[in-house]
Amino acid sequence: MIPIILAGGSGTRFWPMSRKERPKQFLKLLDDERAMIEATVDRLASLSDEDRPVQIVCHSGLVPPMKEILGEERRVQFIEEPAARDTAPAIAYATACAEALYGDEPIAFFPADHFVAGQKAFERCLRFAAERAEEEEAIITLGIPPTRPETGYGYIECAESIDDIGTELRAEPVVRFVEKPDHTRALQYLREGRYLWNSGIFVFRPATLWAELQRQQPKMWNQVQKLRQTLAADKTNTDELTEVFNDMEPISIDYAVMEGANRVEVIPALFRWSDIGHWAALDEVKDTDADGNVVDADALLDEVTNSVVVSHESQRLIAASGLDNMVIVDTDDALLVIPRNRAQKVRDIVERLKEQ
C-alpha cells in the first residue's frame with residue numbers, strides 16, 4: 001500500500017490561529033503538542049515499506065515550512081501541486097506520480113489534519129481496505145460509526161444496518177454519499193443505523209481510478225493521460241505537467257468520482273476518529289477542566305463553562321466571567337469571540353475579511 005497525504009488547506013476553519021500560509025495541519029491542536037501533519041505522518045509510517053516513504057501532496061509554498069515541522073527523521077516525499085484545483089485533480093495527479101514509481105499497487109489517500117485513536121485498529125482497517133481494493137477492483141472508503149446527529153460531516157449510506165459492527169472487519173456496498181445534513185435529517189440517519197460519517201479516506205488501485213475517470217470525467221481522463229505520458233517519459237518536464245494540471249476543472253473527488261462510481265465499498269472503522277472541523281470540536285481531542293472548558297491560554301475564568309479558550313503567540317491574559325458555550329481565540333494580531341454553536345461560521349468571517 002502506498003500512503004499519500006492530501007495536505008492542501010486554506011486556513012479558514014481555525015482562523016485566526018490558522019492562515020493561508022499556516023493551514024490547520026500546521027497547528028498543534030493535540031495534547032501531545034505535535035502538529036496535525038506530524039501526527040498524520042507518524043500514523044502512516046508503519047503502512048509504507050522502507051524503500052517507499054509516505055507521500056505528501058501540497059502546493060510548493062507549503063513544502064519548506066512542512067519540511068521544517070516534520071524534521072529530517074521522518075521519511076516523506078513531496079508531490080508538489082502546480083496550483084490549487086480541489087481534491088479530484090490532486091488525487092489524479094498524485095496517483096499518476098505513484099503509478100509511475102510503483103505500478104498498479106493500491107494507494108491510500110488521507111486528509112492531513114484528522115485525529116485518530118487506536119493505531120492497531122486503524123492499521124487493520126487499512127490493510128483490509130488494500131486487500132479489498134486489490135481483489136475486488138473496487139474503490140474502498142472508511143466510514144465512521146456516528147455517535148451523535150452531526151451536521152458538519154458528510155455521510156455514507158450502507159445497504160445494511162451497521163449497528164452490530166463489534167470488532168469484526170467487514171466491507172459494505174455503498175448506496176450513496178450524502179451531503180452534510182440539517183439536524184433533523186442527521187437525527188434520522190442516526191436512528192436508521194445504515195449511515196456512517198465520511199472520513200475522507202479512500203483506497204484504490206490506479207487502474208480502478210482511471211476506469212472511473214474515463215467513464216465519468218472524459219475531459220479529466222484525457223488530461224490525466226497526458227500527465228501519465230509526461231511522467232513516464234520525463235519526470236522533470238514540469239512545464240508540461242503544470243500546463244495540463246492548471247487546465248483541470250477544480251472539483252472534489254466526491255463529486256467527480258465517488259458519487260457515480262460503479263463499485264464502492266465502505267469499511268466501518270474500528271478506531272476513534274474526528275476531523276476536528278472547527279474550534280468547538282476541540283473537546284473531542286483535548287482534555288477539559290471540571291467545568292467542561294478546553295483551556296490552552298493564560299486565562300482567568302470565573303463561572304465559565306463548556307467553552308474553548310485558546311491563545312497563540314499573544315502575551316495578553318484572557319479574563320472572562322459568566323460565559324457558557326463560547327469560543328475565545330486570541331493571537332498577536334486578531335481576536336475571535338463567537339458562540340460555540342456558530343463555530344463553523346468562522347469561514348464566513350474569513351470570506352468577509354478577504355472581500356475587505
Side-chain angles (χ1 to χ4, degrees), residues 1-9 48 52-63 76-112 129-130 132-141 174 177 198 200-265:
M1 181 195 317
I2 302 162
I4 301 180
I5 300 170
L6 297 170
S48 60
R52 296 187 295 188
V54 174
Q55 312 278 308
I56 300 178
V57 185
C58 64
H59 66 78
S60 57
L62 291 180
V63 172
V76 298
Q77 186 174 12
F78 288 93
I79 300 172
E80 298 185 26
E81 292 178 279
R85 283 293 181 271
D86 215 324
T87 52
I91 285 175
Y93 180 45
T95 299
C97 292
E99 180 190 46
L101 291 172
Y102 308 120
D104 194 33
E105 289 197 34
I107 301 173
F109 282 92
F110 304 87
R132 298 293 298 181
E134 184 79 53
E135 296 170 1
E136 304 298 326
E137 297 184 359
I139 295 174
I140 313 298
T141 184
V174 170
F177 289 83
N198 186 350
I201 299 172
F202 300 102
V203 184
F204 49 77
R205 288 169 45 215
T208 305
L209 179 63
W210 303 151
E212 288 295 344
L213 283 178
Q214 187 174 19
R215 185 175 63 84
Q216 298 189 64
Q217 305 290 336
K219 181 179 178 180
M220 186 177 292
W221 161 246
N222 289 330
Q223 293 165 325
V224 167
Q225 287 296 88
K226 294 178 182 177
L227 291 177
R228 295 172 73 197
Q229 291 165 6
T230 302
L231 287 166
D234 181 5
K235 297 182 178 63
T236 64
N237 192 345
T238 56
D239 290 340
E240 186 171 346
L241 290 173
T242 298
E243 181 180 351
V244 174
F245 189 88
N246 287 351
D247 192 45
M248 285 186 170
E249 177 189 0
I251 185 172
S252 74
I253 194 67
D254 287 343
Y255 286 133
V257 174
M258 300 303 166
E259 293 182 359
N262 278 332
R263 183 161 190 178
V264 185
E265 295 181 352

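Along the sequence shown, residues carry numbers from 1.
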I139/E212 under side chain to side chain contact (heavy atoms under 4.5 Å, CB included): CA gap, chis, key distance, verdict:
CA-CA 10 Å; I139 295 174; E212 288 295 344; 4.2 Å; yes
A side-chain contact here means heavy atoms from C-beta on lying under 4.5 Å apart; do [X] and [Y] qualify?
X	Y	value
F204	I91	yes
F177	V264	yes
P111	L6	no

Please name the pair of heavy atoms, one in [X] and one in [Y], separated by the smallest distance, quoted to 0.1 Å.
X	Y	result
S252	T87	CA-OG1, 3.2 Å
M248	P89	SD-CB, 3.6 Å
P82	N246	CB-OD1, 3.8 Å
Q217	A256	NE2-O, 3.1 Å
I251	M220	CG2-CE, 3.8 Å
A129	V203	CB-CG2, 3.9 Å

Working to the nearest 0.5 Å, report the span between [atom1] of [X] and [atom2] of [Y].
X	Y	atom1	atom2	answer
E81	T242	CD	OG1	11.5 Å
Q223	E249	CD	CD	9.0 Å
L209	F202	CG	CZ	11.0 Å
K226	E243	NZ	CD	8.0 Å
I56	F110	CD1	CZ	12.5 Å
T141	E265	OG1	CD	11.0 Å

Out of R263, R132, R205, which one pairs with E137 under the salt bridge (charged side-chain N to carboxylate O under 4.0 Å, His left out) rule?
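Output: one option passes, namely R205.
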Evaluate R215 against N262 for side chain to side chain contact (heavy atoms under 4.5 Å, CB included), listing each step before the verdict.
CA-CA 10 Å; R215 185 175 63 84; N262 278 332; 3.2 Å; yes
Please check if atom OH in Y102 has more than 12 non-hydrogen atoms from other residues, nucleotides or ligands closer than 6.0 Å.
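Check passes, neighbour count above 12.
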Please confirm whether the backbone N or O of [Y] pairs with a side-chain atom of [X], one donor and one acceptor, at under 3.5 Å?
X	Y	result
Q55	P53	yes
S48	I2	no
Q216	V257	yes
R85	A90	no

Would you call E99 and R228 a salt bridge, taking side-chain N to carboxylate O under 4.0 Å as the test?
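Answer for the salt bridge query: yes.
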For S60, give me all partners under side chain to side chain contact (heavy atoms under 4.5 Å, CB included), at least two apart in sequence or on another chain.
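With neighbours one apart ignored, the set is E80.
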Side chain to side chain contact (heavy atoms under 4.5 Å, CB included) involving N222 - partner list, sequence neighbours excluded:
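With sequence neighbours excluded, N222 shows a side chain to side chain contact (heavy atoms under 4.5 Å, CB included) to no residue whatsoever.
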Please assess L213 against W210 for the test side chain to side chain contact (heavy atoms under 4.5 Å, CB included), listing each intermediate value before the final yes or no.
CA-CA 5 Å; L213 283 178; W210 303 151; 4.0 Å; yes
Residues L231, L241; criterion side chain to side chain contact (heavy atoms under 4.5 Å, CB included); working and verdict
CA-CA 8 Å; L231 287 166; L241 290 173; 4.1 Å; yes
Check I79, V224, V244 against Y93 for a side chain to side chain contact (heavy atoms under 4.5 Å, CB included) and give me the one that passes.
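Only one of I79, V224, V244 forms a side chain to side chain contact (heavy atoms under 4.5 Å, CB included) with Y93, namely I79.
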